[in-house]
Amino acid sequence: MHVDGKIIMAHKHKLNNDDRQKLAKIVVNQIISTHNYAEIRAGTFLEAAKEIINLFPTEKIETYYIPYSPPKGSLRRQPARGKLWSRYVNVRAALRLADKYKVTDENKENLVLEEENDKYEHDLAFLKVAVEPQQRVAQCWESTFRIRQKRYKSEPIETYFEAFPSLKLQFGIELLEIDFNTLHPNKANIIYENWPSVSKAILSEAKERKIIIEERNEDLSTSALLCLPYLFSPTTVKNSSKNKIGNWRPSRLEVQHSFFFCTKPFGVAVGDVGQESYYVYNQNIKYKLESSIRCLELLYKLFHALNLNYPAESKSIWQFIEEVVYGMPVTVTHLKIIHNLKPNDTYNCVEPNCFRNFSSLNSFRKHIKTHENINSHLTRKSLLDVTTNSTNLPDNNSTHSTVCIDEDTKTVVSNESEIPRSIIDNNFYKSLIENRVVSFIANMYAMNNLTRKDVQVIINYIKNLFGEPLEVLKIDILQILKNSTQIRLEDSERIALYFEQLKSLFSGLDSDYLRLKHFKDSHFYIPPIQCIIGQRETTRNNAVYAQSNVSQFIELSKILKLFFELPNVLKETLEHLNILKSSRFYQNIYQSEFWKNKINHIHLQDNDIILPLYIYFDDYESGNPLGSHAGIHKISSIYCSVPVLPQKYQSQLANIFLFSLFHSSDLKEFGHKVIFSKLVEECNKLLSDGIRVKNFNTQTNIYFCVALILGDNLGLNTILGYTESFRASFYCRFCKCNKTVLESQLTEDANMLRSKLNYENDLETGNTTLTGIKQRCVWNNVVTFHATDNLSVDIAHDIFEGVGSFDICELLHRFIIVDKIFTLGILNKRIKYFNYGNQNINKNININKKILDIVLSQEFLYSSLQITCNYLQELISNHHQLYMELFNLPLKPKHHFLVHYPRVLKTVGPLSKLSTLRFESKHREFKKTAVGVASRVNITYTVAIKHQLKLCATFMEEKGFMNYPQIELKE
């Protein structure tokens, strides 16, 4: 046994990190030797990891190998990782680097023969003494390329020019270009194809940046060359170990000078512009050229033909020309200069079969050197396309074309959807198909007008549609491949497997049961839990059966965890909380003293967060899309929302979560305690245990506290245990005033408000007629919550469907029936043909506009809050007084609820934030689902599953806040 193996086995019951590294080294070395240094499939590492877990039960498989995960929805691809994979990548890189410089015996022999060949030696000797005939010199120069590169590789440039006198002549240009063309055969004249568009882009960018160049008569090429140094920020020149010069940052003038007039090892000088003479100097040798672009071309070719380094001061400019004009591979400097990447950014390598990522630029630079060729995704095409199409150079802050930078992680990614050919294998293709199919099914389930039965029918149709055509196509293509001599057998077999997988698109997802099981296993689908709340007798076929009655319960903790882990949800919520804390406007319950007192006794850690929850309760008729609150299929629903989400997201129905569903009749029959006890327990769990979500690189604990229970007046009285009749003597949930008093009450009586003390006394009395309380509120068992503190009102039902409607009806009755000022027909015609203009104006006549301005306001100044509340109280009092005087009628219950509005506004914030309108809209999703389902056997379970599947699609595709539209609120 290997020595390291003995050490590892000695620590078998508990391995440390050093043992794991040794274990990975042994396993990977064995795998590589077994496969004879060939490419190894990902499944091999997964099997090895499983074997390790079998041998060492205390270890976790994720430590040793996590497979590659392709992109899913907005989720980026995750490269393979783990100790086995990291070890394999490092060994493979080392082997590749070793192979790059490895010279076999056969190659050595060929080189020796080449060097000893009399012909090459004769040609080399000829070049050292002769300068004519030029045709013979050029032929000898080309044939001796390999010998000259080898012999003079380490010699000074002066020695090279002294050895070959032809280089000192004008003819030397052609010789140096022969070397460049040998090195880069496809780049000989490419500058003349690309430079016109590049020069236009340079001048356009210089104009946009207001870079002023002295006006001369030179052409566009020369002007572009003069502007180019000013488009790049100077970079620090690092210390040189030879001359020990310290780090320094050149000025823009020094950058320009080094670009045009550098003296080491050569320079370019533009002569008299009027005479249009251009020269390139090198080793006291002057080459005369015809244009500035020809100078640029020769300089670039000299750098490469003579294997010289770019001047340090203008290195970024030359690399720009190398990548944009000549189409050389993108370097790390390109990523720094063009894309403004910093040393601490994250970099992903997209080389085929390489999925490594690096946290530092230095590590990424070293890794790039291990690849012989940079992947085609990182080419100069990105910048060339920009300069060609938009006539703009990318500035230091822009991201363009093929290479793009994620603004949050600064990760180098590709905009193109192409998948590297080398990573496409059977497993990859299978995974790709599975992800697309699962996404397709999830989105079909998310459509309200499609039932689960409809989804099954569609899947069956798709299977029938593509079954036989795919088989015919498969046979035809495989026959063509079989007749081709250039196609390998394994390629044909792989393509055949691709067709088989296309034929079995929905394998494992054929039935509704399998699909729901798959979604549940993915942890994105939180299924409703059926809670048995009682039984009732039912007759079927003259026999009596016991039928269980159930309610649907959703684990809110799991929903909230998935929700706050969506992209940007927690981030933007925390930013909104910080804005609320520092704002001088009263906008949210989070800013109220009511909320601060509620959570005052809750002790949290430094980084923990506590957020308020709103619980909403209401009934709707599942069988009637008009919502007639009548019938045997009336459903009670309980929703939940987080009121501190940014305002532009609060109205999204996707951010209102289902908590429970049950038949309304079951609440009356089995009681509040049976139905609500599970929900109360979940609310307390959210406060005591909270949820743990990822916040950037840390884990954040978030706790939730029930702040208010919302609903219309009937819903609130029902869920809080008050009388459900508004003809009762004590129907108000805020105060204990008698009905006869409330019919004429203009302002709130502070002495008659309900409190915890008189609430307990009323419960002891046990008389609903005298107290207005039917039963103890089950929700009082929620920590920090009490029914008497639940200051919740609903302006939609109190005003829009209440007081406003009452006023209009009485006014119209007075004008039409009593005073006969106009008829009902005239009124209807005036409403029908009234010109409301181009704006979408609500065609209702509003009551006292000043009251509406206050109750609909989104925020109030803290400094004037008390004044606003007093003013609202005065407006309501005047309105009620006028109502009684004009119509000689007593006030209705909804008039009375307005009396409590000023105190509610001051205590919990803007009344518009308590509106039930968006919750009412949530009913529509369930009604549409119910309408499409013929069965009513367990309708609550049916619609609950549909809702959770829709939420599952949201979680799977990670539809966070960045996908929502911007909503602007008018002042």
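Since the structure is predicted, the reported quantities are computational estimates derived from the model, not experimental observations.
- With rounding to the nearest 0.5 angstrom, the CG atom of Leu84 is 12.5 Å from the CZ atom of Arg20.
- With a 4.5 Å cut-off on side-chain heavy atoms, Val943 and Gln552 do not count as touching.
- Between the CD1 atom in Ile691 and the CD atom in Gln699 there is a gap of 11.0 Å [rounded to 0.5 Å].
- Distance CG/Leu611 to CG/Leu686: 11.0 Å, rounded to 0.5 Å.
- Considering OG of Ser677 and CD of Glu682, their distance stands at 12.0 Å, rounded to 0.5 Å.
- A perpendicular orientation is assigned to the rings of Trp85 and Phe45, their planes being inclined by more than 60° (bins at 30° and 60°).
- Side-chain contact between Val438 and His518 is present, with at least one heavy-atom pair separated by less than 4.5 Å.
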Exercise for review: Any chance you could lay out the side-chain contact (heavy atoms from CB on, under 4.5 Å) test for Met447 and Tyr445, step after step, and finish with the verdict?
Suggested key: CA-CA 6 Å; Met447 300 176 68; Tyr445 274 135; over 6 Å; no
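- Side-chain contact between Pro528 and Ile945 is present, with at least one heavy-atom pair separated by less than 4.5 Å.
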Check your understanding: Could you walk me through whether Leu613 and Val642 pass the side-chain contact (heavy atoms from CB on, under 4.5 Å) check?
Key -> CA-CA 5 Å; Leu613 277 183; Val642 183; 3.9 Å; yes
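- Here the side chains of Ile462 and Phe506 are in contact, with some heavy-atom distance below 4.5 Å.
- Counting only heavy atoms from C-beta outward, the side chains of Glu575 and Lys571 approach each other to under 4.5 Å.
- Side-chain atoms of Lys561 never come within 3.5 Å of backbone atoms of Val693 as a donor-acceptor pair (strictly under, hydrogens ignored).
- Annotation: side chain of His576 is not in contact with side chain of Leu645 (no heavy-atom distance under 4.5 Å).
- The backbone N or O of Asn781 lies less than 3.5 Å from a partner atom in the side chain of Asn684, making a donor-acceptor pair.
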Check your understanding: Run the side-chain contact (heavy atoms from CB on, under 4.5 Å) check on Ile441 and Ile459 step by step: do they pass?
Key -> CA-CA 9 Å; Ile441 294 174; Ile459 290 175; 4.2 Å; yes
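- Side-chain contact between Ile433 and Leu502 is present, with heavy atoms from C-beta onward closer than 4.5 Å.
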Practice item. Go through Leu560 and Phe704 one step at a time and tell me if the side-chain contact (heavy atoms from CB on, under 4.5 Å) criterion holds. Key: CA-CA 10 Å; Leu560 291 173; Phe704 298 90; 3.8 Å; yes
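- Judged by distance alone, with hydrogens and angles left aside, the side-chain atoms of Gln948 form no donor-acceptor pair with the main-chain N or O of Tyr525 at under 3.5 Å.
- Counting heavy atoms from C-beta on, the side chains of Leu570 and Ile702 come closer than 4.5 Å.
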